[in-house]
Amino acid sequence: MAAELAGAGAGTVDRLVTGTRWHAGRRADEMAAAAGTVRELGIEPVVARAARDLLLRMPAGPEAGEGGDEAAWRAEGGPGG
């Protein structure tokens, strides 16, 4: 993966960021389901819960309409922050 990204241009990085925002809601739901599965196995779902929380804090993608507060998200450590 590192080799792939090492040769990536700005367009690739932009697609990764845009794609993540576009699909954040669905991915947050998937992480919530994964957290439930991990919890059923008797394991605290720390990573799945953290991923879900990060996805929920992201500014919305174009399909969601208005979007979130991108400046605040970046200030908290989002891409470019």
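Values in this document were obtained by computation on a predicted structure and should not be read as measured data. Each residue takes its place number in the sequence, starting with 1.
- Between the side chains of Arg15 and Thr12, at least one donor N or O lies within less than 3.5 Å of an accepting N or O.
- The structure places CG of Leu56 at 8.0 Å from CG of Asp29, a figure rounded to the nearest 0.5 Å.
- Of all non-hydrogen atoms in Thr20 and Leu16, the two that sit nearest each other are OG1-O, 2.8 Å.
- One finds the CG atom of Leu55 at 10.0 Å from the CZ atom of Arg26 (value rounded to the nearest 0.5 Å).
- Here the straight-line distance linking atom CZ of Arg39 with atom CD of Glu44 works out to 6.5 Å at 0.5 Å rounding.
- Atom CZ of Arg27 sits about 13.0 Å away from atom CZ of Arg21, to the nearest 0.5 Å.
- In this structure the side chain of Arg52 never reaches within 4.5 angstrom of the side chain of Glu30, judged on heavy atoms.
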